[in-house]
Amino acid sequence: TEGITTTTDTVPRFAAPFEWSAGATLTSKVYGMYTFRGQRLKAIRHVITPSVGFNYRPDASTQIEGPFGTNGTLSSYSPYDIGIYGKPTAGESGSVNIGLIQSLEAKVRDGKAMRDSSGTTDGITLKKIKLLDYVGLTTSYDMMQDSLRWSPVNLSARTALFNKLNVNVVSIWDPYAVNDLGQRIDRSERSVSGALARMTYTNVAVGIDLKSRKYGQAPSTSS
């Protein structure tokens, strides 16, 4: 029995596959102010920025199915596989993107500024301190998928302790469980282990700002 071979050839013609998508995003800001009667802490401001977006992409696949595999087995290929710009993305997508950003800052009495002031008034000088510079949480839900519609939840946070120690945290949590091969399955992590989500990645970066007090000052001159 003679084997069936597949011949690959190129067609000398101009072809331009197109791919398009459309989306919209709605966002807002919610402010909350909490005041205190303490001697040092005067107020805390909480800013919440929720966002909801929708993105749709039609199926622009250029795959052609036929007996193109070994010995005529059913396979598929795209005429643009060897193109320098690649081929359009296969599969239809209609995802809802959800995001939530929060920040916290406090107003405290600036004792140093009041001591250094040469004024004669008894007014209180306040300064702002960032408690949480950024806390972000994002995920998406693909309505066109038949399973595993939720994407992993991305959690990131950034703050500065004592205005010198910078802390950045990035973490990814998957709401779906995995099988013995480490592949995602259509079962929630809560139904398997009881946990709300499964941590897949976490990175914590810490840096410190060091600056000389004389930095940027011109050297003193004597006559």
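Numbers here simply count residues along the sequence, with the first being 1.
Here the side chain of T27 pairs a donor or acceptor atom with the backbone of P50 at under 3.5 angstrom. Side-chain atoms of D133 do not come within 3.5 Å of backbone N or O of T159 as any donor-acceptor pair. Under the 3.5 Å distance criterion, the side-chain polar atoms of D142 are matched with a main-chain donor or acceptor of G94. Between the side chain of S95 and the main chain of N97, no donor-acceptor pair closer than 3.5 Å is present.
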- Item | Intermediate values then yes/no, side chain to side chain contact (heavy atoms under 4.5 Å, CB included), F36 and I44 | CA-CA 8 Å; F36 301 90; I44 289 180; 3.8 Å; yes
- I would like to know whether M144 and R57 meet side chain to side chain contact (heavy atoms under 4.5 Å, CB included); could you show each step before the answer? CA-CA 10 Å; M144 301 299 178; R57 186 195 70 234; over 6 Å; no
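The shortest side-chain heavy-atom distance between S147 and R184 does not fall under the 4.5 Å cut-off. Between Y176 and I185 the shortest side-chain heavy-atom distance does not fall below 4.5 Å. Using a 4.5 Å cut-off on side-chain heavy atoms (C-beta onward), T89 and E19 make contact. Side-chain contact between Y201 and V170 is present, with heavy atoms from C-beta onward closer than 4.5 Å. The shortest side-chain heavy-atom distance between K87 and P17 does not fall under the 4.5 Å cut-off.
Put simply, L126 and L41 are part of two different groups of oily side chains (I, L, V, M, F, W, Y) that touch within less than 4.5 Å, one to the next. Hydrophobic clustering places V108 together with L104 (ILVMFWY residues linked when any side-chain heavy atoms are closer than 4.5 Å, directly or through intermediates). Neither L132 nor V167 shares a network with the other; the hydrophobic side chains, linked directly or stepwise wherever heavy atoms of I, L, V, M, F, W or Y lie under 4.5 Å apart, form separate groups for each. Cluster annotation: M33 is not connected to Y31 through the hydrophobic network of ILVMFWY side chains, with a link wherever side-chain heavy atoms come within less than 4.5 Å. A continuous path of ILVMFWY side-chain contacts below 4.5 Å connects W150 to V52, so both sit in one hydrophobic cluster.
Within a 6.0 Å sphere centred on NZ of K42, heavy atoms belonging to other residues, nucleotides or ligands number more than 12. Counting heavy-atom neighbours within 6.0 Å of L131 CG, excluding the residue itself, gives a total above 12.
Between atom OG1 of residue T139 and atom CD1 of residue I98 there is a gap of 6.5 Å, rounded to the nearest 0.5 Å. Note: F18 CZ to T62 OG1 = 13.0 Å, rounded to the nearest 0.5 Å. Rounded to the nearest 0.5 angstrom, Q102 CD and Y134 OH are separated by 11.0 Å. With rounding to the nearest 0.5 angstrom, the OG1 atom of T138 is 4.0 Å from the CG atom of N154. Rounded to the nearest 0.5 angstrom, R158 CZ and N168 CG are separated by 6.5 Å. In this structure, CD on E189 lies 10.0 Å from CZ on R187, to the nearest 0.5 angstrom.
Taking both residues in full, the closest heavy atoms of E92 and D59 are given as N-CB, 3.9 Å, listed atom of the first, atom of the second, then distance.
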